[in-house]
Amino acid sequence: RGLPGKAMRSFVAAKHLSEKMPGATPTPIAVLETGTAEAPGESWFVTKFEPDLVSFKRKLVELYATSGPCEALMDLLRVVAENCARIHDIGFMHCDLGNQNIMLAYPDGATKPTVMLIDLNRSRVTKGPLTTEARARDISRIDLPSDFLRVFIEMYWRGAIPPASFLKAERQFRRRYACHCATRDLRHPFRPVATSPDGDYPAPRDLWIWDTKSEQAITTMVSRDRHRYQSISRVLEPILALAQSFFRVHKNQRHQAVVSFERPLLLFSERAFVSISADPERLEKELHYLSELGCIGTHIRFYAHDPDDVTDFKIAAVKRLKLMSFAVAISLVQNREVVKHPDRWIAFCTRVLEGLHDAVMWVEVLHAINRVKWGIWSFAELRQMLKPIQTLSKKFSNVTFIGPALIDFEWDYLAAALKCFPPKPKIHALSCHLYVDRRGPPEAMQGKFNALGKLQVLRAMAATSSNVQEHLIVSEFNWPLKGTREWSPVGSPYVSPGDRTDDPSVTEEQAAAYTLRYLFIGLCSGLADQMVFWSLASHGFGLIDTGTHPSDDWRERPAFNALKVFFKRFKHAHFTQAIRRGEQDVWAMQFASSSGRYIVAAWTSNPNASPLLPEIPFKVSQALDMYGNEIPMPTRLTADPVYLLQ
């Protein structure tokens, strides 16, 4: 022909790639071209047959359809990214590196695939490794949600921070390719659009992936893209709702500030709950540690994405806990599928409540409604998901419902969410996953508010809402732990290279102290009726370190031992007064135990100052640290609470 055709170009590229990197493409066997330059004929490119190949695109479509799991998705991205990097290192540029041209082989049932490239007719070969710009151009054809693409690129650079020049070039080439695709009908108005045999990706808003390591749905898009797909109502409705209720909330907040710590509190420790997974492979261990911990209340999440047999197992676990004299609360957690199909949400809620309507203390409806990664993208969808409460309340009249399960302190969003509830019946309590923004101790300020200030605002919003009774439940809190990588809620699903300047993770010892201090502030103030620690057993944030592998031994963390003493010392205790409530960074809470003896819990929120111990209104006979060890009578306070016994 004078110039090599597609078949010959593919053969030459495959031959070069096979010699430099055996197995990176099906082995080339032969090439045949017919005709002349003026009248080209048919041509064939022949390779060794590779059975059961599946494209990267098809594998992604399959994983997206089954909601992951995230670990399998991350493993797949890592294999493909590192293989692309190796191919570029040997000077091979594909020039059409789309997901459909990356093939995966699983020889002999292997879990880790072998990556093979096809459709090589556009490829180019250089003598040395590709330039940064050439690498960026090749990678720009990879089709992934934006946050997965971020992870893919970081995996491609294998532990190094991606060069700024690469990231800039990759964005430019990606925009150029997007424009090329968008003008396809103009360039080829009469060419029919080919149907992909690999299936179609879900719509960006419908992509929902579950991460078993951090026990949460994960973000699939960077914030810029998430905002593009959100409704304008996400901004307008909170502004309008907050404007309508601001003065009433502000007035009631001042009232809550006055009455905080002024109300005696009965059965103090019974208001602190601990969550368990109740998964089939973990329940027995969890029950053992629950008994060791000595808590009275426990909490279980029911996930809409769980198989029916897992849901049935959890229902049986709740009944078992009830027989063991635990107070049990549950949360009903949505995924994107039930948001799209509300009838499935109703069926799921009904299935759980039919088995447990007489066995649970309260039922939290929905989960983290202000985070789109959990599946709710608009207030219209939120209203649709809250509608069944009316029907469920009539059918299960003995069930106490709470909501709306907002996460973190976004009181403008909460104001709008409260308006989404049906007018009747009134929800028993406002629930919030108040993590204090995960920024260290509960006394730390976030803007104008510390934990106490946030609780006052939330309680005021419950008091001024027509849809909720004046109760507040902190239905989830914990602290992410240092060094737990992708098992941590702030590290999942992939830990980026380089130092993280805004890492909110804390040490295990700090988490123990913060947990106690948050419980004392939230419950003694009378603002939170109950508080739920999430969760008993987790490598990334639990009271028990489960390790990173199912066969690892479980280890009690400092927070477990601190709470063990907490439940022992304050079992059936009554809060009587706040001796100090943060003045000069000193906190001291007084309790009366079931035997009539007084006990004071005291600490400082400024350990650098080490303030003096405040005057105690009774004679102290014994001092204990937060782990129950007897210590000399302290004269100054530290960040770790101490117990002073009458």
Side-chain angles (χ1 to χ4, degrees), residues 261 264-265 268-269 271-272 274 292-295 440-444 450-452 479 481-482 506-525 531 533 543-545 555-646:
F261 301 102
L265 191 68
F268 175 72
S269 71
R271 299 171 182 268
V274 175
E292 287 286 313
L293 188 61
C295 65
E443 303 88 356
N450 56 12
L452 181 61
W479 276 265
L481 300 173
K482 287 184 181 294
V506 301
T507 66
E508 293 185 356
E509 291 75 16
Q510 287 174 322
Y514 295 168
T515 298
L516 290 177
R517 286 153 56 176
Y518 194 17
L519 286 171
F520 284 128
I521 292 172
L523 297 177
C524 293
S525 65
M531 299 178 71
F533 185 91
L543 303 175
I544 302 290
D545 182 5
R555 174 180 63 89
E556 297 175 4
R557 284 189 165 122
F560 179 90
N561 295 315
L563 279 181
K564 187 175 180 179
V565 174
F566 170 88
F567 287 117
K568 178 182 178 180
R569 287 290 169 185
F570 296 96
K571 195 166 189 177
H572 310 307
H574 308 322
F575 169 70
T576 57
Q577 67 168 325
I579 299 171
R580 295 285 287 275
R581 55 185 74 178
E583 300 88 354
Q584 288 80 50
D585 301 318
V586 174
W587 298 80
M589 307 293 152
Q590 179 178 294
F591 302 84
S593 68
S594 56
S595 64
R597 296 176 65 194
Y598 286 119
I599 181 173
V600 166
W603 72 93
T604 177
S605 53
N606 185 4
N608 296 325
S610 298
L612 291 171
L613 183 74
E615 183 179 348
I616 305 299
F618 56 81
K619 184 178 179 181
V620 177
S621 63
Q622 190 180 22
L624 306 175
D625 66 13
M626 66 178 181
Y627 303 114
N629 303 312
E630 187 166 358
I631 57 175
M633 183 64 188
T635 58
R636 292 185 176 274
L637 296 175
T638 68
D640 294 345
V642 294
Y643 301 134
L644 308 173
L645 282 63
Q646 184 182 25

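Residue numbers count from 1 along this sequence.
Between F618 and L645 the shortest heavy-atom distance is CE1-C, 3.9 Å. When all heavy atoms of V565 and M626 are compared, the pair lying nearest together is CB-O, 3.8 Å. Across all non-hydrogen atoms, the minimal contact from E443 to W603 is OE2-NE1, 2.9 Å. A pairwise comparison of heavy atoms in P442 and W479 identifies CD-CZ2, 4.3 Å as the closest pair. Closest approach of E508 to R555, counting heavy atoms only: OE2-NH2, 2.7 Å. Smallest separation of non-hydrogen atoms from P632 and A623: O-CB, 4.2 Å.
With a 4.5 Å cut-off on side-chain heavy atoms, P558 and T507 do not count as touching. Counting only heavy atoms from C-beta outward, the side chains of F570 and I599 approach each other to under 4.5 Å. Between L563 and L519, some side-chain heavy-atom pair lies under the 4.5 Å cut-off. L613 has its side chain within reach of M633: a pair of non-hydrogen atoms, C-beta onward, lies under 4.5 Å apart. Side-chain contact between F560 and V274 is absent, with no heavy atoms from C-beta onward closer than 4.5 Å.
If you look at F591 and Y643, their ring centroids are not closer than 6.0 Å. For F533 and Y518, the ring centers sit 6.0 Å or farther from each other.
Annotation: the span from T638 atom OG1 to N606 atom CG amounts to 12.0 Å, rounded to 0.5 Å. To the nearest 0.5 Å, the span separating OH on Y598 from NE2 on H574 amounts to 11.0 Å. The distance from atom CD of Q584 to atom CG of L637, rounded to the nearest 0.5 Å, is 12.5 Å. Here L523 contributes atom CG and I521 contributes atom CD1; the two are 10.5 Å apart, rounded to the nearest 0.5 Å. Here the CG-CD distance, from D640 to Q510, works out to 9.5 Å after rounding to the nearest 0.5 Å. Here the straight-line distance linking atom CZ of R569 with atom NZ of K564 works out to 13.0 Å at 0.5 Å rounding.
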task = Would you sort out whether F268 and F566 count as a ring-ring contact (aromatic ring centres under 6.0 Å, His included), showing the intermediate values?
result = CA-CA 10 Å; F268 175 72; F566 170 88; 5.7 Å; yes
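Remark: the backbone N or O of Q590 is paired with a side-chain donor or acceptor of T576 at under 3.5 angstrom. Listed for the E583 side chain is a donor-acceptor partner under 3.5 Å among the backbone atoms of R581. For S594 (side chain) and A573 (main-chain N/O), no donor-acceptor pair under 3.5 Å exists by modelled atom type. Here the side chain of R580 pairs no donor or acceptor atom with the backbone of A588 at under 3.5 angstrom. Between the side chain of R517 and the main chain of A639, a donor-acceptor pair closer than 3.5 Å is present.
The environment of K571 atom NZ is sparse: at most 12 non-hydrogen atoms of other residues, nucleotides or ligands sit within 6.0 angstrom.
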